[in-house]
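We use all heavy atoms of the structure for the numbers below, so side chains are in, but hydrogens, waters and symmetry mates are not. Given the structure is predicted, the values throughout are model-derived calculations rather than measurements.
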Amino acid sequence: MQVTGFKALVCPLDGGPLTHAERAWRCTAGHSFDVARQGYVHLLPVNSKRSRDPGDSKDMVASRQRFLEAGHYRPIAEAVSHSVLSGVADEATLSCLDAGCGEGYYLRQLVEDAAEAPIAPPLALLGVDISKWAVRDAARRLKAATWVVASNAHLPVATASLDRVLCLFGFPAYAEFARILKPGGELLLVEAGPDHLRELREIIYPSLKPPRKDDNAAPEGFSRHSRETLRYRLELSGPEPIADLLTMTPHLHRANAEGRERLAALTSLALSVEVHLTRLARACPVE
C-alpha cells in the first residue's frame with residue numbers, strides 16, 4: 001500500500017494550477033509559495049484571515065495530540081477508516097482530503113488501517129487546516145501527505161479532483177466540498193450526538209441546551225448514502241487527560257470560571273461518547 005501527497009492544488013490568488021518543484025509550489029502567473037521546513041505550505045491569503053493567528057492555538061493542538069494519541073477516540077478513527085476504504089478497488093489511487101485536519105491524527109490512522117487491510121488502494125492524502133500550529137505538527141508526523149494551511153471556505157484544490165472528503169467535528173462547507181469532489185465521490189461527516197460528552201457538559205455549564213433536531217435532507221449537490229451512530233463509554237483517570245479534553249474543545253471558551261474550576265477539581269471522569277457518521281455521495285451531473 002503506497003501513500004503519496006495529493007498534487008492537484010490551485011493558486012489561492014488566481015485559481016491556476018500549482019506545480020511542486022524543489023521547496024515551493026508555483027503557478028504560471030508567477031505566484032510562489034514556499035514549503036516550510038516542517039513540510040507544509042501556507043496557502044491562506046492575508047485578506048482571508050479573520051485574526052492574526054487564526055485557528056487552534058499551540059496549547060489546543062498539544063492537548064488534542066496527547067488526548068488522541070492516548071487512544072480515547074480510536075474507535076471513531078477506525079470507523080472513519082472503514083468508511084473511507086469501503087467499496088474501493090485496490091488498484092486505483094484513492095485521493096482523500098481531511099478538511100480541518102488538526103494535527104493529522106485521522107489521516108495517520110487511515111494509513112495504519114489501510115496497511116493492515118487485506119485489500120487497500122494506494123492513497124493520495126491532503127490535510128487542510130486554518131491553524132498553522134496544527135498543520136505544522138501534522139506535517140512532522142506524516143511526511144508522505146500534503147499539508148496545507150488554508151480555509152474550508154476557499155479550498156486551494158482543483159475542481160472534481162478528490163474521491164473522499166472528511167469533515168470531522170468541523171464546519172462543513174458543502175458548496176466547496178461538492179466542487180472539489182469527483183462525481184460519485186463521498187463526503188464523510190462526523191458530528192457529535194446529543195449525549196456526546198454529556199457528563200463534561202453537565203459539570204461546566206449551569207444547564208444544557210436542548211439537542212438540535214436532525215435534518216435528514218441531503219445538502220445541495222449530495223445524496224444521502226448512509227448514517228450510523230457510534231456509542232461507547234470513556235474513562236479518564238487523572239487531571240491531565242481531563243484538562244486536555246476541555247482544552248481541545250470549544251467548551252474551553254464557552255464555560256465560565258466556576259465550571260472550569262469544578263472540572264479542574266476532578267481526578268477521574270466517566271464520559272459518554274456518541275457520534276453520528278454520515279456518508280454523502282456527490283451527485284453526478286445530469287447528462
Side-chain angles (χ1 to χ4, degrees), residues 55-56 60-61 63-65 67-88 94-114 123 125-131 134-135 138 142 145 152-153 155 162-174 176-178 180-181 185-198 200-201 211-219 222-234 244-245 248-251 271-282:
D56 291 347
M60 293 180 73
V61 170
S63 292
R64 187 168 52 242
Q65 183 65 40
F67 185 88
L68 293 176
E69 289 299 327
H72 299 307
Y73 277 7
R74 183 67 177 117
I76 300 175
E78 290 175 351
V80 168
S81 295
H82 180 268
S83 179
V84 170
L85 299 172
S86 178
V88 300
L94 184 77
S95 55
C96 179
L97 160 67
D98 187 352
C101 64
E103 69 301 318
Y105 172 75
Y106 292 97
L107 286 186
R108 292 197 303 275
Q109 295 305 315
L110 173 61
V111 171
E112 289 186 14
D113 293 338
L123 299 173
L125 301 181
L126 170 64
V128 170
D129 201 284
I130 201 168
S131 166
V135 173
L142 180 60
N152 285 352
L155 288 162
L162 284 154
D163 300 297
R164 300 284 189 270
V165 171
L166 313 180
C167 185
L168 313 177
F169 300 106
F171 302 96
Y174 290 114
E176 270 293 85
F177 295 164
I180 62 178
L181 275 167
E186 292 186 4
L187 167 62
L188 175 63
L189 301 175
V190 173
E191 301 167 295
D195 287 330
H196 187 57
L197 307 181
R198 171 179 284 274
L200 172 74
R201 292 183 284 123
R212 293 178 300 175
K213 292 183 178 179
D214 284 338
D215 184 3
N216 292 320
F222 292 93
S223 60
R224 180 67 66 89
H225 185 291
S226 64
R227 190 187 197 196
E228 63 178 293
T229 298
L230 174 63
R231 297 184 181 92
Y232 62 93
R233 294 289 291 174
L234 179 60
D244 283 341
L245 175 59
M248 75 183 225
T249 69
H251 300 302
L271 293 162
S272 302
V273 174
E274 181 187 32
V275 296
H276 301 310
L277 293 91
T278 304
R279 292 172 67 184
L280 299 170
R282 175 68 173 99

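- Under the side chain to side chain donor-acceptor pair (under 3.5 Å) criterion, Ser81 pairs with Asp113, sequence neighbours left out.
- For Asp129 (side chain) and Val135 (main-chain N/O), no donor-acceptor pair under 3.5 Å exists by modelled atom type.
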**Report entry** From CA spacing to verdict: side chain to side chain contact (heavy atoms under 4.5 Å, CB included), Leu125, Leu97
**Finding:** CA-CA 6 Å; Leu125 301 181; Leu97 160 67; over 6 Å; no
**Report entry** Glu69/Arg74 under salt bridge (Lys or Arg N to Asp or Glu O under 4.0 Å): CA gap, chis, key distance, verdict
**Finding:** CA-CA 9 Å; Glu69 289 299 327; Arg74 183 67 177 117; over 6 Å; no
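- For the residue pair Ser272 / Arg233, a side-chain donor-acceptor distance below 3.5 Å is found, with atom types taken as modelled.
- For the residue pair Leu110 and Cys96, the shortest heavy atom distance occurs at CD2-SG, 4.3 Å.
- A distance of 12.0 Å separates CD1 of Ile130 from SG of Cys101, quoted to the nearest 0.5 Å.
- The salt bridge (charged side-chain N to carboxylate O under 4.0 Å, His left out) search around Arg201 returns none, not counting sequence neighbours.
- Here the side chains of Met248 and Asp56 are not in contact, with every heavy-atom distance at 4.5 Å or above.
- Put simply, CG on Asp163 and CZ on Arg282 are 13.5 Å apart, with the number rounded to the nearest 0.5 Å.
- With rounding to the nearest 0.5 Å, the separation of CZ in Arg64 from CG in Leu245 is 11.5 Å.
- In this structure, CZ in Arg164 is found 15.5 Å from CG in Leu126, a value given to the nearest 0.5 Å.
- Taking the side chain as every heavy atom from C-beta outward, Leu142 and Tyr105 never approach each other to under 4.5 Å.
- Ile76 CD1 to Leu168 CG: the interatomic distance, rounded to the nearest 0.5 Å, is 9.0 Å.
- Residues forming a side chain to side chain donor-acceptor pair (under 3.5 Å) with His251 (at least two apart in sequence, or on another chain): Tyr205.
- To the nearest 0.5 Å, atoms CG (Leu189) and CG (Leu277) are separated by 9.0 Å.
- Closest of all the heavy-atom pairs between Ala173 and Asn152 is CB-O, 3.6 Å.
- Taking the side chain to side chain donor-acceptor pair (under 3.5 Å) definition, one finds that Asp244 meets it with Ser63, Arg66, sequence neighbours left out.
- Between Phe67 and Tyr73, the ring planes lie perpendicular to each other; the angle is over 60°, past the 30° to 60° tilted range.
- His196 places a side-chain heavy atom less than 4.5 Å from the side chain of Val275.
- Counting heavy atoms from C-beta outward, His276 and Pro194 have side chains that approach closer than 4.5 Å.
- Residues Thr278 and Leu187 form no side-chain contact, since every pair of their non-hydrogen atoms from C-beta on lies 4.5 Å or further apart.
- Considering all non-hydrogen atoms of both residues, Ala79 and Leu230 come closest at CB-CD2, 4.5 Å.
- Of the residues listed (Leu107, Asp98, Leu123, Leu166), the one engaging Val84 in a side chain to side chain contact (heavy atoms under 4.5 Å, CB included) is Leu166, and it is the only one.
- Two residues are said to be in side-chain contact when any heavy atoms from C-beta on lie closer than 4.5 Å; Phe222 and Arg279 fail this criterion.
- Not counting sequence neighbours, Glu191 has no partner by the side chain to side chain donor-acceptor pair (under 3.5 Å) test.
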Query raised in the report: Please walk me through it: do Val80 and Gln109 pass side chain to side chain contact (heavy atoms under 4.5 Å, CB included)?
Result: CA-CA 9 Å; Val80 168; Gln109 295 305 315; over 6 Å; no
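- For Arg231, the salt bridge (charged side-chain N to carboxylate O under 4.0 Å, His left out) partners at least two apart in sequence or on another chain are Glu274.
- Counting heavy atoms from C-beta on, the side chains of Tyr106 and Val190 never come closer than 4.5 Å.
- Looking only at side-chain heavy atoms (C-beta outward), Leu188 and Val165 stay at 4.5 Å or farther from each other.
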